[in-house]
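Report on one structure; see the data block that follows.
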Amino acid sequence: MATERYNPRASEPKWQKAWAEKKLFEARNDDPKPKYYVLEMFPYPSGRIHIGHTRNYTMGDVVARYKRAKGFNVLHPMGWDAFGMPAENAAMQNKVHPKEWTYQNIATMREQLKVMGLSLDWAREFATCDVDYYHRQQMLFLDFVEKGLVTRKSSKVNWDPEDMTVLANEQVIDGRGWRSGALVEQRELTQWFFKITDYAQDLLDSLDGLDEWPEKVKLMQQNWIGRSEGLLIRWPLASDVAGEHELEVYTTRPDTIFGASFMAVAADHPLAKKAAETNPELAKFIDEVRHMGTSVAALETAEKKGFDTGIRVVHPFDDSWTLPVYVANFVLMEYGTGAIFGCPSGDQRDLDFANKYGLPVIPVVMPEGGDAKSFQITEEAYVDDGVMINSRFLDGMKPDRAFDEVAKLLEQKTIGNRPMAERKVNFRLRDWGISRQRYWGCPIPMIHCEDCGVVPVPKADLPVKLPDDVDFDRPGNPLDRHPTWRHVKCPQCGKDARRETDTMDTFVDSSWYFARFTAPWAHEPTDPRAANEWLPVDQYIGGIEHAILHLLYSRFFTRAMRATGHLDLAEPFKGLFTQGMVVHETYRVGGASNNGRWLSPAEVRIEDAEGKRRAIEIATGEEAAIGSLEKMSKSKKNTVSPEDITDGYGADTARWLMLSDSPPEGDVEWTDDGAAGAHRFMQRIWRLVSTAAETLAGVKPATADAGEAGAVSKATHKILKAVGEDIEKLGFNRAIARIYELANVLTTPLNQVAEGKADPALQGACREAVEILVHLIAPVMPHLAEECWETLGGTDLVAERPWPVFDPALVVDNQVTYPVQVNGKKRGDLTIARDADQGAVEKAVLALDFVQKALEGKAPRKVIIVPQRIVNVVA
RNA sequence: GCGGGCGUGGUGAAAUUGGUAUACACACCGGACUUAAAAUCCGGAGGCUUCGGCCAUGCGGGUUCAAGUCCCGCCGCCCGCACCA
């Protein structure tokens, strides 16, 4: 009888080797089985695997192993999102080449992932910094250029003058560069853009069809795309300004046009610039606005300020009505036309502005049933639905009718030789600027020639390889000061020309890697046949932090790849799942204030004193404040590395812990107790199986339908069904609870078997139950499952075996126990044959003691019988 | 400001989507085994109770035979976007 403890450190490598030798996880593109593509967002090789990765990849692996057992040809690949700034920062700080740093990290992290026993197809592995990969990305770029999906235009960027690079908005913290701390400047730079806005409407509409995506993510994308329907109105200028005779304004509320009391334009608006030429005070104001901070805090607290340009416009419906044009600091050049008309009564911001500058406030919408004569707006704008007032021919209409009326009338009027108004759909979504003044990224394959302009690198000359001989002793882009790399002949005229030295945003790399996995050996970016066969990804799993950018870019890229013939679908991810974070409580000595000192979990000892948990710093004996659960971060030192579990308890324990207790979309707390508990359960399974294994050796699995054995079979098949359903729905925590339940149910019978006290029927049922148990734990604890299977005499691997099939006859009971309520409160139970008709159930219920007592001899008012559920007697 | 979500034991959480509230786990308590401890196994447990019951899913109301679940109003927490016209 095997009674030793299960030793994961010995077993896990053994089974990993066995799987690898049989190449069980290598997907073949010509496999006739139905396909299933499961993918976890690939990691950035920062140095070490984080516990969050462990959770993410465990979830994907459970799905992959389950689907494989269900008979699918499963593609479950892994790669590395390997370009990006941290490699360059490391180069600057530690004098190590970004390439060396990156590949070193990849090597480390690959080994860490292998310890996890993930069923990954390592044959398809690649890193986005492989020349082989970015070569294909450059091919795609050129195809996009040819298709008109790429433009080059000037745009405002956050410029870090110290690091001499463009920063993304999220890299600007309180107006300063996140790394250098230098004050960020706004600069106009000519940049490369992908024309994602061409697909704005399609990207919005297609969200509807993504019914396996979280509503939350779809909503976030919808808001990000930000579609609005409005009217473009051309207001005549009272007198021409430097040849201009109109001001174009975009509005979603043309119905409020009679409430207009001023116009406001952005500081960068052409009209503002022209007016400033002759007005030094205005020029000064515009300059001030430009230098205002762009940080969230600055915007929130910034006072609404304006400056009257002296320019006047004429109201489209009243030649005698003129309105002043202000330059205002809250109007954005990037949205609409960079100009608005202000209707103070219907917009809080406009109202504040009007009150500040003494502009008229005319209420134009009032609540239905209100009194038009007395209705006034002073401090709070009225933004709800209602009826039009003070609006001449619009009076009495609802705002949406007034909208149409104004649109209809102004469309017919003309200004210059254009209509005075046009209906226009506006999007918040901007084109995707991909230029980065960095070294460690995919070079943009373009050449600047003085005579020919911007010329694409001929495909035959690809790849444009990053030069290795670069130095990072100075800030800025090393490609810009490389002695030879940037000098090149113009492919068109042959004259000396200059390479584009910008590289692509790393989001480009991650926007098509899922397609590359389908045929990573292909010479073209994709093998369209393979891509169309495997895609869309059936189940994509990753963090919510990518809900907008990565997922939106990938959706755009798939469309662009379709337009250029690389694949033939629009939506890359059929099912999306966003998993929660791994959190841990924090410890801090020296008070909760800012001067406190954070401690790592390893530095504290938890004591239980009179029911209260206390954390004591081991080194000093000082008590530390226990802080809330927070995302693991280096600054708060509440990180736990996967090795903390795998070194002691093994990969299966780590995998089990990551999926236990908490729903996968929510945060999971890492606790020592949890890890110990998961490990205890693993040992318990091993003990259950291994102690019974000898007695069960010659026993044939059999399903029993009666007696003690029948109860075992019944419970086992019910749980088998439930676990399958839970995994399909990614309800891993529920699946695990069911498995605990099965272990609890089997404990007594299996002990009987081990003690030789079981009859043949119970032995057969137990044999079957144990086999099912082993298959049920296999997706989560694959190594233990193999060890158990071997102990039971299995000659093949669980990893290559099919998922067990439950017997439908066993999951329904012949007898049903109805809870019986009287007036909605449970008073007892009724056990009756499953197929008893309503009449029989009612008769039996009314005969029950407690029901008779409650009815006091009277007839019930009503008896509600919900078949297979509940009975309620209304007295 | 706009949009969305959440609130259930000491703790993480279940609840077939309107049908027995608290499955499963952690922690806790008791028992067995042990010289002892660990490990393991068995058992207990929402609160109050006059032992008939009564009260409990953030608070208050409503719909319903029946509400954690649906509706209305509060309170609290979390997330996303944000000067978007």
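Chain naming here is simple, since letters A, B, ... match the order of the sequence lines and numbering starts at 1 in each. None of the values given here were measured: they were computed from a predicted structure.
Interface remark: the N223(A) side chain does not form any donor-acceptor pair with the rC81(B) base, using a distance-only criterion of under 3.5 Å. Between the side chain of K862(A) and the base of rC65(B), no donor-acceptor pair of N or O atoms lies under 3.5 Å.
Which of rU20(B), rG12(B), rG80(B) sits closest to the side chain of I548(A) comes down to rG80(B). In this structure, the nucleotide among rC24(B), rA85(B), rC55(B) sitting nearest to the side chain of Y250(A) is rA85(B). In the set rC54(B), rU40(B), rU17(B), rU17(B) carries the atom at the smallest distance from any side-chain atom of R869(A). Of the candidates rC65(B), rC24(B), rG12(B), rC65(B) carries the atom nearest the V874(A) side chain, counting heavy atoms from C-beta on. Closest to the L219(A) side chain, of the nucleotides rG3(B), rC65(B), rC24(B), is rG3(B). Counting only heavy atoms from C-beta on, K825(A) has its side chain closest to rC55(B) among rA82(B), rC41(B), rC55(B). The side chain of R5(A) approaches rA39(B) more closely than any other nucleotide in the set rA39(B), rC41(B), rC54(B). For L332(A), whose side chain is taken as the heavy atoms from C-beta onward, the closest listed nucleotide among rC81(B), rA85(B), rG19(B) is rA85(B).
For the pair Y6(A) OH and rA39(B) P, the computed distance is 21 Å after rounding to whole Å. The nearest whole Å value for the distance from the CD atom in Q821(A) to the C1' atom in rA66(B) is 6 Å. One atom, CE of M581(A), and another, P of rC79(B), lie 8 Å apart when rounded to the nearest Å.
In a base pair of the Watson-Crick type (N1 to N3 plus N6-O4 or O6-N4) or a G-U wobble (N1-O2 and O6-N3), with each distance short of 3.5 Å, rC6(B) is matched with rG76(B). For rU64(B), there is no paired base (Watson-Crick or G-U wobble, both distances below 3.5 Å). Across the strands present, rA38(B) finds no partner; the criterion is a Watson-Crick or G-U wobble pair with both atom distances under 3.5 angstrom. In a base pair of the Watson-Crick type (N1 to N3 plus N6-O4 or O6-N4) or a G-U wobble (N1-O2 and O6-N3), with each distance short of 3.5 Å, rC24(B) is matched with rG12(B).
The six-membered or imidazole ring of F307(A) lies away from that of Y326(A), with a centre-to-centre distance of 6.0 Å or more.
R227(A) comes within 4.0 angstrom of no nucleic acid atom, judged by non-hydrogen atoms across all strands. Contacts of T251(A) with the nucleic acid, taken as non-hydrogen atoms under 4.0 Å apart, involve only primed sugar atoms and P, OP1 or OP2. Residue contacts shown for R861(A) are absent, as no nucleic acid heavy atom lies under 4.0 Å away. Nucleic acid contact class of T747(A) (heavy atoms, under 4.0 Å, all strands): sugar-phosphate only. Among the atoms of the strands shown, only primed sugar atoms or phosphate atoms (P, OP1, OP2) are found under 4.0 Å from some heavy atom of D673(A).
N733(A) has a side-chain polar atom (N or O) that falls below the 4.0 Å cut-off from OP1 or OP2 of rA14(B).
Salt bridge present: K714(A) and D813(A) bring a charged side-chain N and a carboxylate O closer than 4.0 Å.
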